[in-house]
There are 2 protein chains.
Amino acid sequence: MKVCKDGFQKEFINDQTDMYTIAFTQNILSGRWKYFILWYLKGHTRRYSDIKAFLGDLSQGSLSKQLRELEKDGVIKRKVYPVVPPKVEYSLTDKGTALMPVLDAMNSFGKTFGEQADIIRE
Amino acid sequence: MKVCKDGFQKEFINDQTDMYTIAFTQNILSGRWKYFILWYLKGHTRRYSDIKAFLGDLSQGSLSKQLRELEKDGVIKRKVYPVVPPKVEYSLTDKGTALMPVLDAMNSFGKTFGEQADIIRE
DNA sequence: CAGAATCCGCCGCGATACTG
DNA sequence: CAGTATCGCGGCGGATTCTG
């Protein structure tokens, strides 16, 4: 069984096609904040500072890393305006938009089964 | 911002309802093998050894842990037969079946955008 | 056959400090 | 404003060992 550089499960490549495709998607979405970033970008173009404000307390380092990974995977687009102070806008690519059904399904599931009592434990 | 015991993002509970529901779902699915276990159980009742064989090389300890978590979250059902040697069968609950649209969406996305060259890096 | 218990390595994430 | 660089910890997952 092959193991990927990034240590994730990419090994289901042969007959088990579904396993491969799910692993592929999971890989793009794996990360502490990626679901939320993508959801927040749904239908909008947002500035770096807006994303940061929306997500609350996460360090700039973490956010930048997540954004870079999403960009590398081709699901978000980064547009830099050569102004001072800097201005950078993020938006979904077509590929990123194609991920929305996944988030919609997760949202729908959570709406049905998620109850506050089950979640907040502190 | 509240932080949960298990260290995951459950803090989006107030106005940002979607964030909460997505976090809720993400939480159930977070884990190295859970997507694959659930997918393998889709429409079938499977024995422990079958799941193990399907997933290939993962340790029994890891598998048991994932299964216990999925059971605790109420998405899979565990049935023990009091025979020797032991026989245990796993299947999806209704709640687990309700997760299938998420996996279907991931599978669909992967089918469209996942290319072998993008995935296998070793 | 289907696990429980234990120990351990790794890396993802956050915190902090610094830059153009 | 929007990053980059570095460091350190915690927790997940894997390996191993032991049971009914």
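Proteins come first, then strands; the chains are lettered A, B, ... in the order of their sequence lines, and each starts at number 1. Given the structure is predicted, the values throughout are model-derived calculations rather than measurements.
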Spacing between [X] atom [atom1] and [N] atom [atom2], to the nearest angstrom:
X	N	atom1	atom2	answer
B:Y35	D:dG13	OH	P	12 Å
B:L67	C:dG3	CG	P	7 Å
B:K52	C:dA4	NZ	C1'	16 Å
A:R32	D:dG10	CZ	P	16 Å
A:L63	D:dC1	CG	P	14 Å
A:Y81	D:dG3	OH	C1'	18 Å
A:E69	C:dG12	CD	P	8 Å
A:L55	D:dA2	CG	P	14 Å

If we only count heavy atoms from C-beta on, is the [X] to [Y] side-chain gap below 4.5 Å?
X	Y	result
B:W33	B:L55	yes
A:I76	A:T93	no
B:R78	B:V88	yes
A:K77	A:E71	no

- request: List for me each residue that meets ring-ring contact (aromatic ring centres under 6.0 Å, His included) alongside B:Y90, sequence neighbours excluded, and say none if there are none.
  value: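 Testing B:Y90 for ring-ring contact (aromatic ring centres under 6.0 Å, His included), a comparison that skips the adjacent residues, returns none.
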Taking the side chain of [X] as its heavy atoms from C-beta onward, which of [options] lies nearest to it?
X	options	value
A:Y90	C:dA4, C:dA2, D:dG3	D:dG3
B:W33	D:dT4, C:dA2, D:dG14	D:dG14
B:P86	D:dG20, C:dG3, D:dT4	D:dG20
A:S59	D:dG3, C:dG14, D:dG13	C:dG14
A:K65	C:dA2, C:dC13, D:dC1	C:dC13
A:S62	C:dG14, D:dG14, D:dG3	C:dG14

- request: Answer yes or no on whether A:R46 is positioned over the face of A:Y40, meaning its NZ or CZ is under 6.0 Å from the six-membered ring centre and within 45° of the axis.
  value: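 Yes, A:R46 sits over the ring of A:Y40.
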field: 5' priority, DNA chain D, between A:Q60 and B:Q66 [closest heavy atom]
entry: A:Q60
B:K111 and B:D104: CA distance, side-chain angles, deciding distance, salt bridge (charged side-chain N to carboxylate O under 4.0 Å, His left out) verdict: CA-CA 10 Å; B:K111 271 194 168 58; B:D104 288 334; over 6 Å; no
- prompt: Just to confirm, is there a sub-4.0 Å distance from OP1 or OP2 of D:dT4 to any side-chain nitrogen or oxygen of A:R68?
  reply: yes
- request: Give a yes/no on whether any side-chain N or O of A:R78 is located under 4.0 angstrom from OP1 or OP2 of D:dA2.
  value: no
- request: State, to the nearest 10°, the angle formed by the axis through the first five base pairs of the helix from C:dC1-D:dG20 to C:dG20-D:dC1 and the axis through its last five.
  value: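 About 40° separates the two local helix axes.
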B:S64 or A:G61, whichever maps to the more 5' nucleotide of DNA chain C: B:S64
- prompt: Are B:I51 and B:V80 connected in the hydrophobic side-chain network, where two residues link if heavy atoms are under 4.5 Å apart?
  reply: yes
